[in-house]
Amino acid sequence: MTSPMDRMADFDLTPEQREIRAFVREFAEKEILPHVEEYERLEKYPLDLVQKLSPLGLLGPMIPESYGGSFSDVVSYGIICEELARVDWVVASVVSVANSLVGGSILRFGSDAQKDRWLPGIASGEVICSACLTEPSGGTDLGNMRTTATPADGGYRLNGTKVFISHARHAGLFLAVATLDREKKHRGVTAFLIDPHAIDGMRIGDFPMRTLKRDNLAEVHFEDAFVPDEAVLGEPGRGFPVLGSALDLGRYSVAARCVGQSQRCIDLAVPYALDREAFGSKIGEFQLIQQKISDMVCRTQQARGIVYQLGRMKDAGVERCSMESSMAKLLASQAAVQNALDGMQIFGGYSCTAEYEIGRLLMEAKTLEFGEGTSELHTKIIAETMLGMRKG
Ligand SMILES: Cc1cc2nc3c(=O)[nH]c(=O)nc-3n(C[C@H](O)[C@H](O)[C@H](O)COP(=O)(O)OP(=O)(O)OC[C@H]3O[C@@H](n4cnc5c(N)ncnc54)[C@H](O)[C@@H]3O)c2cc1C
């Protein structure tokens with residue numbers, strides 16, 4: 001049944017985009033949602049759930065059909081990320097890393113050989129992708145990275161450590177960045193496509209998290225690891241434009257995921273407010289609870305509106321929309337966190353029990369305020385663009 005929120009969310013979507021939402025929602029609620037809490041308890045990576053996306057074409061929505069993808073428009077891609085994230089952070093993250101960060105970068109900057117080698121496997125789910133950017137010394141100031149790439153006969157030797165790396169233990173392809181010369185800051189950064197099965201000196205280690213254990217986050221160590229020249233994505237020393245373009249689409253898909261998480265908080269809080277009683281009334285009859293529901297709905301719809309608008313700009317071929325990507329990511333991630341907080345307040349103490357999902361959503365939402373640029377970074381990008389200090 002269409003909810004009052006779908007009425008607005010779907011209003012100016014095409015019939016095909018509405019169908020995609022209905023299809024992904026039904027699939028996600030039936031095939032993924034029932035397993036998520038159990039996988040979290042077991043700290044189990046949802047590889048089997050991810051594989052269910054493949055026959056439906058949901059693993060490669062940004063990959064052209066000639067490479068086995070299901071190439072959709074950008075708005076539809078956002079809707080897929082939104083609906084998957086509404087049920088599971090990790091499954092949605094697999095799609096978003098594969099299409100925005102890794103597959104999208106190969107499409108824009110890769111050679112024909114790199115496209116032929118990697119894109120079909122990404123679209124079919126044979127190759128899970130991982131992006132190695134963040135280092136122990138920091139993830140925001142990427143121009144100051146310490147992982148080095150030293151030219152060697154026929155390639156480069158990589159040395160350094162990356163942390164917080166999602167999907168690393170299951171990945172068949174890593175997009176990693178390293179610097180040719182730390183003095184050159186962002187002009188030294190080079191992007192590499194790394195096959196973990198064809199490299200010596202790359203080691204994956206534990207990176208223990210307090211939450212989101214089913215993602216199996218890891219450290220990735222490069223210890224004199226040799227990568228051939230053919231692994232360079234784009235040109236040596238031109239990794240920053242690769243990163244910029246990857247993160248531009250990445251922030252869009254993260255923002256769409258945040259909308260899905262915000263929506264989930266509403267989906268959980270509304271029936272609870274209609275069921276739970278205090279002082280002889282349903283708590284949903286109290287104005288202070290109604291205020292929270294109204295705030296949750298308004299901020300979700302506001303975030304959704306800006307995400308879809310960004311998707312339409314990208315579909316229209318607007319080359320640069322960094323400021324808009326930052327706005328979408330900033331607003332949507334803040335909405336997801338605040339909705340989780342308001343949702344928890346509605347559940348009272350039960351929000352902290354293992355019985356209810358809402359408490360888990362808070363930590364998941366908070367991580368989305370860090371990944372692919374923190375809120376502070378996006379605030380800076382928006383302000384600096386408006387002040388003419390950077391190109392938008
Ligand atoms: C669940 C999860 C999954 C992740 N997955 C990946 C992944 O797959 N691959 C990957 O590479 N990384 C991943 N990350 C890492 C994430 O991208 C980084 O945490 C993020 O980029 C911030 O880096 P940092 O944590 O080192 O914070 P820092 O860069 O150390 O920043 C610390 C604080 O200082 C603030 N700050 C920094 N510079 C400024 C400034 N100029 N002005 C104002 N404030 C500033 C930041 O906003 C932040 O609040 C993941 C993180 C999480 C939590």
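Counting starts at 1 for both ligands and their atoms, in listed order.
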Ring geometry between Y272 and Y356 (parallel below 30°, tilted from 30 to 60°, perpendicular above 60°):
perpendicular
Working to the nearest 0.5 angstrom, can you tell me the gap between I204 CD1 and H170 NE2?
9.5 Å
Taking atom 42 (N) of ligand 1 as the reference point, the nearest protein heavy atom with its distance:
K380 CD, 4.3 Å
Is the closest N or O pair between E376 and ligand 1 shorter than 3.5 Å?
yes
Strictly distance-based, threshold 3.5 Å: is any side-chain N or O of S96 a donor or acceptor partner for the main-chain N or O of S253?
no
Can you confirm whether something in the protein, heavy atoms only, sits under 4.0 Å from atom 32 (C) of ligand 1?
no
Candidate with minimal heavy-atom separation from atom 21 (O) of ligand 1, of G139, S375, G371:
G139
State whether the shortest distance between N or O atoms of L217 and N or O atoms of ligand 1 falls below 3.5 angstrom.
no
Write out the residue and atom name of the closest protein heavy atom to atom 30 (O) of ligand 1, then the distance separating them to 0.1 Å.
G138 CA, 4.2 Å
Would you say Y39 and D48 are linked by a side-chain donor-acceptor pair, where the criterion is simply a distance under 3.5 Å?
yes
Are the side chain of K314 and the backbone of V75 linked by a donor-acceptor contact shorter than 3.5 Å?
no
Report the nearest protein non-hydrogen atom to atom 16 (C) of ligand 1: residue, atom name, distance rounded to 0.1 Å.
T134 OG1, 3.7 Å
When rounded to the nearest 0.5 Å, the distance separating CD1 of I382 from NE2 of H378 is 8.0 Å
Quick test of your reading of the structure: of F164, F370, F174, whose heavy atom lies closest to atom 6 (C) of ligand 1?
F164
Please list the nearest protein heavy atom to atom 3 (C) of ligand 1 with its residue and the distance rounded to 0.1 Å.
S166 OG, 3.6 Å
Could you grab the distance from atom CG of L158 to atom CD1 of I194, nearest 0.5 Å is fine?
5.0 Å
Taking the six-membered ring for Trp and the single ring otherwise, decide whether the centroids of F226 and Y156 are under 6.0 Å apart.
no
Could you tell me which non-hydrogen atom of A9 sits nearest to which non-hydrogen atom of R304, and how far apart they are?
CB-CD, 3.4 Å
Which atoms of ligand 1 are found less than 4.0 Å from any heavy atom of T367?
1 (C), 53 (C)
Protein non-hydrogen atom below 4.0 angstrom of atom 44 (N) of ligand 1 present:
yes
Given A131, A168, C132, identify the one with the heavy atom nearest to atom 9 (N) of ligand 1.
A131
Considering only heavy atoms, which of T374, T140, I165, V163 lies nearest to atom 29 (O) of ligand 1?
T140
